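Comments concern the structure below.
All residue numbers refer to positions in the sequence shown, counting from 1. Remember, it's a predicted structure, so these values are computed and weren't measured experimentally. Whatever order the structure lists them in is the order used to number ligands and atoms, beginning at 1.
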Amino acid sequence: MAVIKRALISVSDKTGIVGFARELADFGVEILSTGGTANLLRQEGIAVKDVSEYTGFPEMLDGRVKTLHPKVHGGLLGMRDNPAHVAKMKEHGIEPIDMVVVNLYPFEATVAKPDCSLEDAIENIDIGGPTMLRSAAKNNRDVTVVVNHADYAQVLAEMKGSGGAVSRTTNFRLAVKVYQHTAAYDGAISNWLGQRMGDELAEFSDTLTVQFKKAQDMRYGENPHQKAAFYVERNLREASISTARQLQGKELSYNNIADTDAALECVKQFVEGPACVIVKHANPCGVALGANLLEAYNRAFSTDPESAFGGIIAFNRELDGTTAKAIVDRQFVEVIIAPAVSAEAVEVVATKKNVRLLECGYWPQEPIARHDYKRVNGGLLVQDADLLLSGDIRTVTKRTPNEAEMRDLLFTWRVAKFVKSNAIVYGKDGMTIGVGAGQMSRVNSARIAAIKADLAGLEVPGSVMASDAFFPFRDGLDNAAKAGIRAVIQPGGSIRDEEVIAAADEHGIAMVFTGMRHFRH
Ligand SMILES: NC(=O)c1ncn([C@@H]2O[C@H](COP(=O)(O)O)[C@@H](O)[C@H]2O)c1NC=O
């Protein structure tokens with residue numbers, strides 16, 4: 001474990017750098033630095049040698065060449081216990097550099113700006129920084145490399161405990177971080193540029209580099225014999241299961257995370273008033289609006305009390321104490337998630353110590369465009385996330401839905417988007433009456449929705465119906481009429497649409513087409 005004598009500091013993100021450099025200087029470390037970083041450190045009274053003075057070569061080409069010099073890379077890569085390396089370094093006046101502190105030009109932040117030009121992006125591709133990081137990380141037996149300001153404190157603590165040295169174990173750990181960082185950095189560049197091959201803006205890059213960081217190891221996956229972990233995006237932009245803070249309860253399981261995501265993404269669609277979604281095995285089993293969260297929860301629960309047992313409950317407003325109490329007094333619940341949770345609700349849920357209570361923050365009204373990924377053996381399916389609701393809603397029957405029916409049609413349509421196909425949702429007065437999910441035939445989904453309503457003691461007559469895809473035959477409408485359905489929402493687009501519309505007209509059902517299908521598998 002060797003004492004650090006010389007450090008090269010070159011950072012774009014200058015967070016914490018002054019304090020860190022000052023302490024290094026107090027250890028007697030000689031600091032080499034580049035333009036902006038050197039200026040800042042000098043202003044703060046810290047002694048710094050310019051890299052250009054050390055190399056005998058000026059910074060040039062608008063900063064494109066600052067540290068790309070054999071005296072820098074020789075000082076980083078030369079092996080201290082290799083006599084031939086040591087001799088060569090001496091011959092060329094190369095001093096060992098024992099520590100590198102570098103963070104890179106902010107490429108991702110630059111390209112995230114809506115008006116970012118190709119030139120801006122290119123200028124924000126750091127060359128010298130990653131080169132130094134990689135050299136130092138390769139020679140981690142002898143060189144300490146710090147790419148993240150969050151590590152400054154630990155490095156200093158170690159130096160204080162050892163008279164100015166950093167252990168090889170720490171150096172190795174920091175080097176691994178570097179390669180993760182540079183891989184992600186290059187991945188972001190190749191993905192962004194890959195979408196801009198030639199002058200064409202391509203939707204999907206020829207190669208795809210995906211980088212997520214581990215949020216937690218899990219006890220097991222979908223089943224106990226499957227090992228699992230949860231990874232999250234590095235730059236989270238929208239409140240989601242991945243931003244959620246667990247306020248109490250048992251550790252989240254793989255299935256908890258998947259189901260909570262389904263519940264939360266579904267409840268996000270309801271912006272006008274308080275809403276509640278209860279999910280079981282990835283499908284909403286009860287969704288409702290209410291004057292307040294308590295009413296929304298009570299109504300969502302009443303759709304299917306049997307399935308709600310052990311469910312995941314999501315809200316679109318701050319969880320209050322009264323609603324929290326109604327839940328924990330009434331049912332076994334795995335997870336409760338809301339954008340915010342009141343202090344009173346936290347106290348109430350604390351009486352059930354296993355219940356996982358999550359607060360995820362507020363989300364924007366308009367969802368941020370993103371891609372969805374699905375693994376198949378040997379491949380990856382990538383698509384735009386299904387964030388749109390419909391193309392153009394138009395009435396296709398003689399009868400037009402009245403105002404209340406239209407409200408319910410749009411409500412059930414939003415729910416159907418989150419029900420696995422084939423999806424049929426019955427609803428009335430801003431509440432699901434029956435949900436038929438995941439059947440291989442649409443007719444069976446409709447039957448199941450009716451059975452569910454019956455089991456819960458809810459009346460189907462007078463309800464509306466949403467279907468995630470078109471009805472291939474008129475029997476869907478004939479059965480709906482028998483059940484007492486008053487209005488239907490579906491994409492349309494079947495070759496037998498005329499027949500289906502005629503069936504609706506015969507039964508006096510009002511039907512609208514959305515022009516947009518929402519399969520979910
Ligand atoms: N060109 C080079 O030789 C070079 N050496 C270091 N950099 C980067 O320059 C930045 C720091 O610049 P400054 O100290 O001038 O603020 C760091 O993000 C560092 O990664 C370079 N810039 C880009 O490649």
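- The protein atom (non-hydrogen) at minimum distance from atom 16 (O) of ligand 1 is Lys14 NZ, 2.9 Å.
- Other residues, nucleotides and ligands contribute more than 12 heavy atoms inside 6.0 Å of the CD atom of Glu91.
- The shortest side-chain heavy-atom distance between Thr37 and Lys14 falls under the 4.5 Å cut-off.
- In the vicinity of Leu104, heavy-atom distances shorter than 4.0 Å reach the ligand 1 atoms 18 (O), 20 (O).
- Counting only heavy atoms of the protein, atom 6 (C) of ligand 1 lies nearest to Ser10 OG, 3.4 Å.
- The closest protein non-hydrogen atom to atom 9 (O) of ligand 1 is Lys66 NZ, 3.0 Å.
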List the steps and the verdict of side-chain contact (heavy atoms from CB on, under 4.5 Å) for Val101 and Ile17. CA-CA 9 Å; Val101 185; Ile17 197 61; 3.9 Å; yes
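- The proximity of Thr131 to ligand 1, defined as any non-hydrogen pair under 4.0 Å, does not occur for either the backbone or the side chain.
- For Tyr254, the OH atom sits in a loose shell: 12 or fewer heavy atoms of surrounding residues, nucleotides or ligands are nearer than 6.0 Å.
- From the protein, the heavy atom lying nearest to atom 1 (N) of ligand 1 is Arg64 O, 2.6 Å.
- Of all atoms in ligand 1, numbered sequentially from 1 with element shown, those under 4.0 Å from a heavy atom of Leu68 are 3 (O).
- For atom 4 (C) of ligand 1, the candidate residues are Ala38, Ser33, Gly128; the nearest heavy-atom contact is made by Gly128.
- Classification of the Phe270-Phe411 ring pair by plane angle, with boundaries at 30° and 60°, yields tilted.
- Asn292 places none of its side-chain heavy atoms less than 4.5 Å from the side chain of Arg317.
- The closest heavy-atom contact to atom 20 (O) of ligand 1, among the options Val147, Asp126, Ile127, comes from Asp126.
- Glu347 places no side-chain N or O within 3.5 Å of a backbone atom of Ala350 that could act as its donor or acceptor partner.
- Among the atoms of Ile125, none of the N or O lies under 3.5 angstrom from an N or O of ligand 1.
- Other residues, nucleotides and ligands contribute only 12 or fewer heavy atoms inside 6.0 Å of the CG atom of Asn377.
- Ring geometry, His371 versus Phe204: the interplanar angle falls from 30° to 60°, so the pair is classed tilted.
- Atom 13 (P) of ligand 1 has its closest protein heavy atom at Gly36 N, 3.4 Å.
- Annotation: Gly63 places an N or O atom under 3.5 Å from an N or O atom of ligand 1; distance criterion only.
- A cation-pi arrangement, defined by a distance under 6.0 Å to the six-membered ring centre and an angle within 45 degrees of its axis, is present between Lys71 and Tyr54.
- Not one N or O on the side chain of Arg245 forms a donor-acceptor pair closer than 3.5 Å with the backbone of Thr243.
- The atoms of ligand 1 that sit less than 4.0 Å from any heavy atom of Gly129 are 6 (C), 7 (N), 20 (O).
- Looking only at protein heavy atoms, the nearest one to atom 17 (C) of ligand 1 is Asn103 O, 3.3 Å.
- Residue, atom and distance of the protein heavy atom nearest to atom 5 (N) of ligand 1 are Thr67 OG1, 2.7 Å.
- Among the atoms of Val102, none of the N or O lies under 3.5 angstrom from an N or O of ligand 1.
- Atoms of ligand 1 found under 4.0 Å from any heavy atom of Thr34 (numbered from 1 in listed order, with element): 11 (C), 12 (O), 13 (P), 14 (O).
- Given atom 14 (O) of ligand 1, the protein heavy atom at minimum distance is Thr37 OG1, 2.5 Å.
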